[in-house]
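Side-chain atoms are counted along with the backbone in the values below, which use heavy atoms only and exclude waters and symmetry mates. Whatever order the structure lists them in is the order used to number ligands and atoms, beginning at 1.
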Amino acid sequence: MRTQVAIIGAGPAGLTLGRLLETAGIDAVIIEQRSADYVLGRIRAGVLEQSSVDLLRRMGVNQRMDAEGIVHDGVELSFDGDMLRIDFNELIGRRVMVYGQTEVTRDLMDARIASGAKSIYEASDVQIHDFAGETPRVSFTKDGQTHQINCDFVAGCDGFHGVSRASVPDQAISVFERVYPFGWLGVLVDQPPVAEELIYAHHERGFALCSMRSHSRSRYYVQVGATEKAQDWSDEMFWDELRARLNPDIAERLKTGPSIEKSIAPLRSFVAEPLRFGRLFLTGDAAHIVPPTGAKGLNMAIHDVTELATALNEFYGERSKAGIDAYSGKVLENTWRTERFSWWMTQLLHTFPDSGDFGRRIQRADFDYLGASRIAQQSLAENYTGFRP
Ligand code: RFL
Ligand code: PHB
């Protein structure tokens with residue numbers, strides 16, 4: 001088999017890249033180790049920046065998003081009971097869209113099936129060969145048979161645990177990492193959200209987040225210890241802990257029910273440098289991880305592959321290597337800006353076991369400054385909705 005671009009991974013990064021290349025008339029094959037249903041069963045991000053919304057519209061995969069997505073003008077922050085609303089629209093004239101990663105993924109998968117573009121699911125033992133030269137190859141096993149794809153480029157869109165980054169020799173890559181001493185326990189429930197907008201709450205018992213997927217489906221999170229297990233949390237324990245971290249008037253309004261999904265995500269900041277190795281490119285979670293506090297993971301993945309598609313388009317259209325040469329530097333600039341914001345939101349809102357009284361006073365001062373300064377609020381709004389200089 002031969003293609004121009006072999007895309008490893010059918011998450012948001014791989015599927016978005018596939019769609020962009022298809023639109024540009026560049027041939028690509030997606031190779032995914034799981035089944036499509038498994039990919040769709042993962043409950044992850046919920047908030048799209050305006051630039052992600054615009055891209056999904058340009059790619060023609062916006063019909064359901066525009067019908068079912070919910071536009072939010074702002075978010076609520078709560079700090080030890082004090083509420084502060086950040087009104088993005090009033091502060092900087094921008095908004096965000098609440099539309100789940102599962103739905104974005106489903107829309108992209110459906111569009112790919114409709115167009116007949118090639119995707120291979122349930123491919124095992126995926127390996128990337130010869131990416132230092134001009135004729136890379138990808139091999140994999142499917143239904144007991146080994147296959148090989150010859151290509152011009154390999155796009156590593158296979159997430160944090162994928163094969164792409166792992167294929168790069170240790171001496172060619174640097175990694176920068178911070179692992180936080182906690183995770184988020186998330187619950188999905190078929191009940192209307194407790195509030196119209198998201199509520200990010202700092203509480204001495206730990207962080208909590210009230211989010212949603214629709215007007216009838218809610219997503220809630222509580223900060224838990226890094227070693228805790230989702231199965232040790234009954235629904236009742238979860239709702240009690242969430243209520244304890246919310247203001248009494250909000251806790252009273254909370255509509256609970258049986259969880260339809262419950263899982264723990266560890267929190268981590270991670271960046272690999274560089275992001276190009278000959279003819280192999282890293283994108284999305286394969287390249288970087290942010291803690292979910294700034295709702296950035298999915299949006300970064302979409303940003304990266306937009307840059308990569310532009311670079312590949314330049315290569316095939318104008319025979320210019322300038323775009324692929326600039327890819328790593330350009331994406332890393334956005335990555336570090338977004339890492340900083342996600343780290344900042346995380347340290348503002350979580351309870352850190354070792355921060356001590358000094359750390360807690362600094363956190364409070366940070367929140368009070370935000371409440372008092374329109375410029376600080378604009379900075380949060382600009383970053384949350386997606387800063388593109
Ligand atoms: P993905 O979504 O992980 O997709 C990668 C795909 O590659 C496949 N794969 C392979 N395929 C072939 N060969 C191999 N060797 C392969 N190894 C892996 C995987 O099966 C998968 O289908 O990465 P992508 O596309 O870069 O997208 C990134 C986003 O998914 C991610 O940034 C966000 O979901 C992060 N994230 C969250 N972000 C938010 O903004 N808000 C959240 O609430 C939120 N919750 C989460 C998250 C990430 C999580 N992970 C990665 C464990 C919760 C979790 C649990
Ligand atoms: C979610 O709805 O899953 C969600 C929303 C905002 C975040 C993280 C997760 O910052």
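For ligand 2, the polar-atom distance check against Met212 finds no nitrogen or oxygen pair separated by under 3.5 Å. Between Trp184 and ligand 2, no pair of N/O atoms sits closer than 3.5 Å. Among the atoms of Pro12, some N or O lies under 3.5 angstrom from an N or O of ligand 1. In terms of polar-atom proximity, Gly162 is not counted as a contact of ligand 1, lacking any N or O under 3.5 Å from an N or O of the ligand.
With ring centers used as reference points, His202 lies 6.0 Å or more from Phe367.
Those atoms of ligand 1 that come under 4.0 Å of a heavy atom in Gly284, given as number and element, are 26 (O). Atom numbering of ligand 1 starts at 1 in the shown order; those under 4.0 Å from a heavy atom of Lys296 are 40 (O). Heavy-atom proximity to Ala295, at under 4.0 Å, picks out these atoms of ligand 2: 6 (C), 7 (C), 10 (O). Close approach to Ala295 involves these atoms of ligand 1, each under 4.0 Å from a residue heavy atom: 40 (O). Residue contact check: Val47 has heavy atoms under 4.0 Å from atoms 5 (C), 6 (C) of ligand 2. Listed by number with element, the atoms of ligand 1 under 4.0 angstrom from any heavy atom of Cys157 are 5 (C), 6 (C), 7 (O). Close contacts of ligand 1 with Gly297, meaning ligand atoms under 4.0 Å from a residue heavy atom, involve 32 (O), 40 (O). Of all the atoms in ligand 2, the ones that sit under 4.0 Å from a non-hydrogen atom of Pro292 are 7 (C), 8 (C), 10 (O). Which parts of ligand 1 touch Arg34 is read off a 4.0 Å heavy-atom cut-off, strictly below it: atoms 20 (O). Close contacts between ligand 1 and Ile31 involve ligand atoms 11 (N), 12 (C) [criterion: under 4.0 Å to a heavy atom]. Listed by atom number, the atoms of ligand 2 under 4.0 Å from Thr293 heavy atoms are 10 (O). Ligand 2 places these atoms under 4.0 Å from at least one heavy atom of Tyr200: 6 (C), 7 (C), 10 (O). For ligand 1, the atoms sitting less than 4.0 Å from at least one non-hydrogen atom of Gly159 are 3 (O), 5 (C), 23 (O), numbered in the order shown with element in parentheses.
At least one heavy atom of Arg44 sits closer than 4.0 Å to an atom of ligand 2. The closest approach between a heavy atom of Trp184 and any atom of ligand 1 is not below 4.0 Å.
Contacts between Val39 and ligand 1, counted as non-hydrogen atom pairs separated by less than 4.0 Å, involve the side chain only. Counting heavy atoms under 4.0 Å from ligand 2, residue Tyr99 does not touch it at all. Proximity of Leu209 to ligand 2, defined as any heavy-atom pair under 4.0 Å, is confined to the side chain (atoms from C-beta onward). Contacts with ligand 1 closer than 4.0 Å are made by heavy atoms of both the backbone and the side chain of Val163. Only the side chain of Leu198 comes within 4.0 Å of ligand 2, judged by heavy-atom distances. Neither the backbone nor the side chain of Asn299 has any atom closer than 4.0 Å to an atom of ligand 1 (non-hydrogen atoms only). Residue contacts with ligand 2 for Arg213 involve side-chain atoms from C-beta outward but no N, CA, C or O (heavy atoms, distance under 4.0 Å). Of all the heavy atoms of Tyr121, none lies under 4.0 Å from any atom of ligand 1, so neither backbone nor side chain is involved. If you look at Asp285 next to ligand 1, the close heavy atoms, those under 4.0 Å, come from the backbone and the side chain alike. Using a 4.0 Å cut-off between heavy atoms, Ser211 contacts ligand 2 through its side chain alone, with no backbone atom that close.
The residue from Glu32, Arg44, Arg42, Gln33 that puts a heavy atom closest to atom 1 (P) of ligand 1 is Arg44.
Summary of contacts: the protein heavy atom closest to atom 55 (C) of ligand 1 is Ala265 CB, 3.8 Å. Protein heavy atom in closest approach to atom 7 (O) of ligand 1: Asp158 CA, 3.2 Å. The nearest protein atom to atom 43 (O) of ligand 1, hydrogens excluded, is given as Tyr221 OH, 3.3 Å; this is a heavy-atom distance. For atom 25 (O) of ligand 1, the nearest protein heavy atom (residue, atom name, distance) is Ala13 N, 2.9 Å. Annotation: atom 13 (N) of ligand 1 to nearest protein heavy atom, Val126 CG2, 3.5 Å. Counting only heavy atoms of the protein, atom 34 (O) of ligand 1 lies nearest to Gln101 OE1, 2.7 Å. The single protein non-hydrogen atom nearest to atom 3 (O) of ligand 2 is Tyr221 OH, 2.6 Å, given as residue, atom name and distance. At the top of the distance list for atom 4 (O) of ligand 1, counting protein heavy atoms only, stands Gly11 CA, 3.5 Å. Atom 38 (N) of ligand 1 has Ala45 CB, 3.5 Å as its closest protein atom, hydrogens excluded (heavy atom only).
One finds a salt bridge joining Asp152 and Arg2 here, because a Lys/Arg side-chain nitrogen approaches an Asp/Glu carboxylate oxygen to under 4.0 Å. Salt bridge present: Arg374 and Glu90 bring a charged side-chain N and a carboxylate O closer than 4.0 Å.
The aromatic rings of Phe238 and Trp233 stand perpendicular to each other, their planes meeting at an angle above 60°, with 30° marking the opposite boundary. Between Phe182 and His350, the ring planes lie parallel to each other; the angle is under 30°, not in the 30° to 60° tilted range.
The side-chain tip of Arg279 does not point at the ring of Phe131 from less than 6.0 angstrom away and within 45° of straight on. Arg319 forms a cation-pi arrangement with Phe315, by the criterion of a distance under 6.0 Å to the ring centre and an angle within 45° of the ring axis.
A side-chain hydrogen bond (donor to acceptor under 3.5 Å, both in side chains) with Arg94 holds for exactly one of Asp73, Asn89, Thr385; it is Thr385. Under the side chain to side chain contact (heavy atoms under 4.5 Å, CB included) rule, Cys157 has a single partner from Thr283, Leu308, Leu282, which is Thr283. Applying the ring-ring contact (aromatic ring centres under 6.0 Å, His included) test between Phe207 and each of Trp184, Tyr220, Tyr180 identifies Trp184 as the sole match.
With no hydrogens or angles considered, no side-chain donor-acceptor pair links Ser51 and His303 at under 3.5 Å. For Glu76 and Ser78, the side-chain atoms include no donor-acceptor pair closer than 3.5 Å.
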Verdict with supporting geometry, Glu103 and Arg106, salt bridge (Lys or Arg N to Asp or Glu O under 4.0 Å)
CA-CA 5 Å; Glu103 309 313 321; Arg106 190 188 302 280; 3.8 Å; yes
